[in-house]
Amino acid sequence: MEAKTDDTPKKSLNFIEAFVEQDLKDGKNDGRIQTRFPPEPNGYLHIGHAKAICLDFGIARNYNGICNLRFDDTNPVKEDVEYVDSIKEDIQWLGYKWENVYYASDYFQQLWDLAVELIKQGKAYIDEQSAEEIAKQKGTPTVSGIESPYRNRPISENLELFLKMNSGEIAEGAMVLRAKIDMTSSNMHFRDPLLYRVITSHPHHRTGYTWKAYPMYDYAHGQSDYFEGVTHSLCTLEFEVHRPLYDWFIDQFKNSDYRPRQIEFNRLNLTYTVMSKRKMLLLVQEALVIGWDDPRMPTICGLRRRGYSPEAIHNFIDKIGYTKFEAQNDIGLLEHAVRESLNKTATRVNAVLNPVKLIVTNYPADKVEMMETINNPEDETAGVRTIPFSRELYIEREDFMEDAPKKFFRMTPGQEVRLKSAYIVKCTGCKKDEAGEIEEIYCEYDELTKSGMPESGRKVKGTLHWVSAQHALKAEVRLYDRLFSIENPSADPRDFRELLNPDSLKVLHNCFVEPTLKGAKALEQFQFQRLGYFNVDPETTAEKLIFNRTVSLKDSWAKEQQR
RNA sequence: UGUCUUAUGGUGUAAUGGUAGCACUGCAGUUUCUGGAUCUGCCUGUCUAGGUUCGAAUCCUUGUAAGACAACCA
């Protein structure tokens, strides 16, 4: 009988980890595990990439392997160094270190040599038809294609033309190199796929104008894996149909027992947002958002600016898992993950977003008391600080009601509430302007109920946050909501730009925060007591404090009100 | 009228032929100097029809539904 030495239940493996363990058990590739994260440097990384990053780097870490960063830079028309730098920054921010940085462009010569080999074996040919003609001959998924008239060109001619494709003698678009496989295959990718095309109009971000013939994805990606020694090439579901071709190329060139294995998993879809680079680019280009790092964007830099922690993103990705089912993940789960993370780490501070003056009428006008308050009740090591209390305060307008329903536990005439970390006060009335708008609220404090004193234990239903009017700092606060107003914008027949949530950003200019926030640093995270998690926007200056709302606190009163 | 893939509560995900569990959401309560957090309980599920088996979410067949594939993109 097998003795179980470990009584902690084994965490169930996802199907990819199960494959990896089986491959290890079977002794494949000498027990080596190597993955890669292969972004194209043509845009910023988003949370969907984070899912892939966590898998690629996570598998390598868990199984004693390595993970490289490889830029799949085979299309100079779209790619730029700007993106290379941001991609590196985002991966590091997520907490991962790559073993090496590689570029598909590092392999242009090797790829070229192998293509020449393929031509010599009669397995590739130069086609000089137009893109339209080639597309027409490809057939459709249900109708097989027909062969190109150039398909049986002599090898020597193919070789000669291939050289010309790269020398500048052949105009962009005039010729391509195609593999000679099977125009009748039920898999479209086998119908003589394109291997190389000519691009002369754009310099490559690393090789300039050195190359004019550029390899295409199916050929370059798989062979790059092979050159590097990748054992598990993890990608999203849409590449499933490409796998037979991936394997076909490996079969053409492999010369040992080693072979990389492509495994596909489900991409990340989030409700109320879009995850397509193309759509994100349009939002940026048409100034529908401020930029790639707009806090409403699902980009890594957007989430970072919004106040998300790397931990929150990891927690979220752990929760959604990896399967082969095309799922729609509730953005509420992401929001839960960030609350869970920030709850443990964010310092609690007082900020009043929609201020109204509260005057403690029996408190001396010239008196100021420094009140001690806890930085984070979830973290004993976070310590305490002091905040000033005085006769004139600001509280939230929503925390006062003249005629309040029974379940309203806040400021209303005749009712006692606690001012957090200060005194219990009783509301005595308010002053309104001609329009009926509340101008000032009045209350009286009970000296014996100062926080920490025995009388402060008295039961009151509500606790309010506040700031001292003369000490508070003015701040701008940006409130964000979901970028789109409908759950699945991608499934909607309308143009996605018509589906944007018009209220996704609300800027409040007249907010007050407690004085300890003076000098707060960019991206620093706080909990504005009773309101939500906020961080310091990088646009903050010495003169102007700007905060972003990461996510609100759960609000059961708001729910109650909706009934 | 093709190929490949998928289907477990509202959402996501486990159970690897042996008691359908977890998280989020929702609801009810507990507790609280945050209507937060905590803690407790509850609601809700194996796409259909057959078959194999002592036993099927799991294996097989069929049907249904959904997704991917027809870029000189990756």
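Chain identifiers are assigned alphabetically (A, B, ...) following the order of the sequence lines, protein sequences preceding nucleic acid strands; residue numbering begins at 1 within each chain.
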With B for base contact, S for sugar-phosphate-only contact and - for none (protein heavy atoms under 4.0 Å), nucleotides 17-33 of chain B reads -------SSSSS----B
Quick one: does NZ or CZ of A/R36 land under 6.0 Å from the six-membered ring centre of A/Y102, within 45 degrees of the ring axis? no
Can you check whether A/F325 stacks with the B/A7 base, using ring centres under 5.5 Å and planes within 30°?
-> no
message: So, OP1 or OP2 of B/G12: does either fall under 4.0 Å of a side-chain N or O from A/T323?
response: no
Against the side chain of A/F239, the closest entry in B/G2, B/U34, B/A74 is B/A74
For A/E128, the salt bridge (charged side-chain N to carboxylate O under 4.0 Å, His left out) test, sequence neighbours excluded, returns A/R153
For this session: With heavy atoms under 4.0 Å as the rule, sort A/R243 into base, sugar-phosphate or nothing.
Result: nothing
Winner on side-chain proximity to A/F408, out of B/A14, B/A74, B/G35, is B/G35
What residues 184-198 of chain A contributes to the RNA chain B interface at heavy-atom separation below 4.0 Å is A/S186, A/M188, A/H189, A/L194, A/R197
What residues 43-54 of chain A contributes to the RNA chain B interface at heavy-atom separation below 4.0 Å is none
Here the distance between atom P of B/C72 and atom CD of A/E172, to the nearest Å, is 13 Å
**Message:** Can you see if the side chain of A/R530 gets near the phosphate of B/G35 - specifically, an N or O under 4.0 Å from OP1 or OP2?
**Reply:** yes
Taken in chain and number order and not counting sequence neighbours, the residues that satisfy salt bridge (charged side-chain N to carboxylate O under 4.0 Å, His left out) with A/K426 are none
A/Q328 CD to B/A7 P, in whole Å, measures 17 Å
Whole-Å distance, A/D218 CG to B/C4 P, equals 18 Å
Between A/P215 and A/K461, the residue closer to the 5' end of RNA chain B by nearest nucleotide is A/K461
Looking for any heavy atom pair under 4.0 Å, which part of the strands does A/P377 touch: base, sugar-phosphate only, or nothing? base
Per nearest nucleotide of RNA chain B, the residue lying toward the 5' end, A/A327 or A/K324, is A/K324
Checklist line | Side-chain H-bond candidate by donor/acceptor type, A/S105 with A/T207, under 3.5 Å | finding: no
query = Contact class for A/E378 vs. all strands (heavy atom < 4.0 Å): base, sugar-phosphate, or nothing?
reply = base
Here RNA chain B, pairs taken as Watson-Crick or G-U under 3.5 Å and shown with ( ), [ ] when crossing and | when to another strand, reads .((((((..((((....[..)))).((((.........))))....(.(((..]....))).))))))).....
Closest to the side chain of A/F409, out of B/A74, B/G36, B/G35, is B/G35
dist A/F409:CZ -> A/K407:NZ (nearest 0.5 Å) comes out at 7.5 Å
When rounded to whole Å, the NZ to P distance for the pair A/K138 and B/C72 reads 6 Å
Only one of A/Y219, A/Y217, A/F227, A/F190 passes ring-ring contact (aromatic ring centres under 6.0 Å, His included) with A/F249, and that residue is A/Y219
The side chain to side chain donor-acceptor pair (under 3.5 Å) partner of A/H465 among A/R530, A/Q529, A/E514, A/K420 is A/R530
Here the distance between atom P of B/G36 and atom CG of A/N350, to the nearest Å, is 17 Å
* Can you check whether A/T74 has a side-chain N or O nearer than 4.0 Å to OP1 or OP2 of B/A74? -> yes
Taken to the nearest whole Å, OH/A/Y533 to C1'/B/G36 is 7 Å
### Message
It should be established whether A/N266 places a side-chain nitrogen or oxygen under 4.0 Å from OP1 or OP2 of nucleotide B/U13.
### Response
yes
